[in-house]
Amino acid sequence: MTIRTRFAPSPTGNLHLGSIRTALYSWLYTRNRGGEFVLRIEDTDQERSTKEATQNIMESMEWLGLDYDAGPFYQAERLDKYRQAAEQLIEEGSAYRCYCSKERLTELRDKQLANKEKPKYDGCCRDKNLPARADQPFVIRFRNDLEGSVSFEDQVLGPLSFQNSELDDLVIIRSDLFPTYNFCVVVDDLSMKITHVIRGADHINNTPRQINIFRAFKAEPPIYAHVPLILGKDGKLLSKRHGAVSVLQYRDDGYLPEALLNCLVRLGWSHGNQEIFSRDEIIKLFDIKDINKAAASFDPEKLLWLNRHYIKTLDSKVIADRLKPFMQELKIDYQTSGPTLEELVVGLRERAETLREMAIKSRYFYENFEQYEDDAKKHLTPEIIPFVEAFKQSLEKLDAWTDEALHQAIEEVAKQFGLKLGKIAQPIRVAVTGSTVSPPLNTTLRLIGKQNTLKRISAVLLYLAKT
RNA sequence: GCUCCCUUCGUCUAGUGGCCUAGGACGUCGCCCUCUCACGGCGAAAACAUGGGUUCGAGUCCCAUAGGGAGCGCCA
């Protein structure tokens, strides 16, 4: 039997960390077992579904490299299937038409809540066998067993059992003829031959209802695995309405997909003490049985650490390539002059947490700056003039503009003036970068280039003369 | 309110009855390296929710309590 899993998001908002992680687990499971991964867009909510959200979902998956073997299927395009299936259930006595008004139902609900009862449909139309009428709106409800229980073996949580008396007769077709979630899921999982349903733990309570519908169709339900939810820093669920950030926001903030993937997979799943996983490794090692039962809080600091790790260790060509959009966005011209992007990456990779930060920090390699940063100015005092001039002369004579030659030049000037390296390096750093922070001075000078270095040193001498 | 789920350092986790005076990672703090910032190295503080059982022995099994989370729609 080939394994088939699916990711079935509803396009009612941007895809966030929680959703993409269940997609990831689902995807990993099929990739590990050589199965098929299906994408299904659950857009039966006409009110809230948007094209933009669908676009956002696909783009997020593409960015993280979660490719699918079938789909995307859109439920809104399969409405006939659901209607037919519902009719079939009515004929077989597993569903019925209900003409109860929304007003009556809200009233019922309020009353039950006031009585501290669990709100449920009272079965008013359950046994009336009402026919379809064109002049009056009705819904179709599933006829749930009143007694007995539903049990299943969850792959993450173990054996689970629910009393049928806790379930009520849920609406499967709305009065506008659109199907509802719990019904579409079953019809689709059945027709798409889904073998394993890996989804968020917020669906646990839906599972017994869905299993009953499967049974009504005389079909075997798939195997279920409910993965624990992701909580925010405050311990509350990460959701569209609460602190959830779009997956693409991480891309736009300069995170690498490798880092986010690694971070996400490790949130609720583990393989001994290992922290760093390549994509291939995760696929090879992933198993549902290693998923943790408890909900986890997402820690942005750890993501940052992983991002730094991948910025430092991924091929510099790859990083350079990923850096381009950020350079363009910041309008830094890296093509006409200055170091190549790859040289830049090698110089900055150990001091940037994100690609965006790297781009921001690269500015002085490509552009001359207008002024010195405020806290940098204190290094520019008249005392430095002699050795800055000496250094300038020594640079002018320098043929080889390399790290080694530059390092030697700096050291020689320091020796000549009997100063420690730090004493002269910092003022020069300020002179050429405008700030107190940069890669090692020799590397910084090398990347800025001879011409611009000398220009900026002349500029600092002018500045010093004026003060 | 009812139903269901969960509970090891601040956070992510290892741990499947003796190897645990509980290990790793992020973060925090200290030291070293050092031309700044980083990287790196070394080290420290930091947890089995509580109470009962079961057992020769419990973080590991059972039961209660507490705490947290989710669900209870003509949303998904």
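A note on names: the letters A, B, ... follow the listed sequences, proteins ahead of strands, and every chain is numbered from 1. The structure presented is a predicted model; accordingly, all values stated were derived computationally and were not measured.
- For the P atom pair drawn from B:G51 and B:A66, the interatomic distance equals 15 Å after rounding to whole Å.
- Ranking B:C12, B:A38, B:A76 by closeness to the A:Ala296 side chain, first place goes to B:C12.
- Pair assignment for B:A25: B:U11, on the basis of Watson-Crick or G-U wobble contacts that are both within less than 3.5 Å.
- Residue A:Thr433 forms a side-chain contact (heavy atoms from CB on, under 4.5 Å) with just one option from A:Thr444, A:Leu441, A:Leu445, and that option is A:Thr444.
- OP1 or OP2 of B:C37 has not a single side-chain nitrogen or oxygen of A:Lys361 nearer than 4.0 Å.
- Annotation: B:A49 and B:G67 have their C1' atoms spaced 7 Å apart (nearest Å).
- Both A:Glu275 and A:Thr44 sit near RNA chain B, but only A:Glu275 has its closest nucleotide nearer the 5' end.
- Atom C1' of B:C29 sits at a distance of 8 Å from the matching atom of B:A45, rounded to the whole Å.
- Each of A:Asp202, A:Thr22, A:Thr207 was checked for a side chain to side chain donor-acceptor pair (under 3.5 Å) with A:His226, and the lone residue meeting it is A:Thr207.
- For the OP1/OP2 pair of B:C6 and a distance below 4.0 Å, the side-chain nitrogens and oxygens of A:Asn292 include no atom meeting the criterion.
- Residue A:Arg109 places at least one side-chain N or O closer than 4.0 Å to OP1 or OP2 of B:G73.
- The side chain of A:Trp305 sits closest to B:C26 out of B:A70, B:C26, B:A76.
- Checking B:C19 for Watson-Crick or G-U wobble geometry (two distances, each under 3.5 Å) identifies no partner in any strand.
- Using P as the reference atom, B:C39 and B:A64 are 50 Å apart when rounded to the nearest Å.
- Distances shorter than 4.0 Å separate some side-chain N or O of A:Ser297 from OP1 or OP2 on B:C12.
- Within the structure, a side-chain polar atom (N or O) of A:Ser270 is placed less than 4.0 Å from OP1 or OP2 of B:A14.
- Using a 4.0 Å heavy-atom cutoff across all strands shown, A:Phe162 reaches sugar-phosphate atoms only and no base atom.
- Rounded to whole Å, the separation between the P atoms of B:G53 and B:U16 comes to 26 Å.
- Taking the P atoms as reference points, B:U11 lies 26 Å from B:C19, given to the whole Å.
- In this structure, A:Glu258 does not pair ionically with A:Arg279, as no charged nitrogen and carboxylate oxygen lie closer than 4.0 Å.
- With B:U13, B:G40, B:C35 as the choices, the nucleotide that has an atom nearest any side-chain atom of A:Lys312 turns out to be B:G40.
- When both distances must be under 3.5 Å, the Watson-Crick or G-U wobble mate of B:A70 is B:U3.
- Listed candidates were B:G1, B:C6, B:C35. Nearest to the side chain of A:Arg429 is B:C35.
- One atom, CG of A:Leu445, and another, P of B:U36, lie 15 Å apart when rounded to the nearest Å.
- Between the CZ atom of A:Arg199 and the P atom of B:C5 there is a distance of 16 Å, given to the nearest Å.
- At the phosphate of B:C74, neither OP1 nor OP2 sits under 4.0 Å from any side-chain N or O atom of A:Lys102.
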Does the ring-ring contact (aromatic ring centres under 6.0 Å, His included) test come out yes or no for A:Tyr463 and A:Tyr372, once each step is laid out?
-> CA-CA 10 Å; A:Tyr463 171 88; A:Tyr372 305 103; 4.9 Å; yes
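- Neither OP1 nor OP2 of B:C37 sits under 4.0 Å from any side-chain N or O of A:Arg349.
- For the C1' atoms, the distance linking B:A25 with B:U8 amounts to 15 Å, nearest Å.
- Figure legend. B:C37 is base-paired to no nucleotide; pairs are counted as Watson-Crick or G-U wobble with both atom distances under 3.5 Å.
- Nucleotide B:C12 holds its P atom 16 Å from the CG atom of A:Asn273, rounded to whole Å.
- Cation-pi check for A:Arg40 over A:Phe7 is not met; the charged atom does not lie both under 6.0 angstrom from the ring centroid and within 45 degrees of its normal.
- With a cut-off of 3.5 Å on both Watson-Crick or G-U wobble distances, the partner of B:A64 is given as B:U50.
- Of the candidates B:C39, B:G23, B:A76, the closest approach to any side-chain atom of A:Arg308 belongs to B:C39.
- With B:C26, B:C39, B:U3 as the choices, the nucleotide that has an atom nearest any side-chain atom of A:Glu350 turns out to be B:C39.
- When distances are taken from the side chain of A:Asp299 to each of B:C2, B:C12, B:U11, the shortest belongs to B:U11.
- Counting to the nearest Å, the P atom of B:C6 and the CD1 atom of A:Ile230 are 18 Å from each other.
- Atom C1' of B:U55 sits at a distance of 10 Å from the matching atom of B:C61, rounded to the whole Å.
- Shown here, B:C39 is classed syn by the O4'-C1'-N9-C4 or O4'-C1'-N1-C2 angle, which is within 90° of 0.
- Along RNA chain B, the nucleotide closest to A:Asn206 and the one closest to A:Val437 are compared, and the more 5′ of them pairs with A:Val437.
- Inspection of the A:Tyr250 and A:His16 side chains reveals no N or O donor paired with an N or O acceptor under 3.5 Å.
- Taking the six-membered ring for Trp and thresholds of 30 and 60 degrees, A:Tyr99 and A:Phe138 have ring planes inclined between 30 and 60 degrees apart.
- Listed for the A:Trp269 side chain is no donor-acceptor partner under 3.5 Å among the backbone atoms of A:Ile288.
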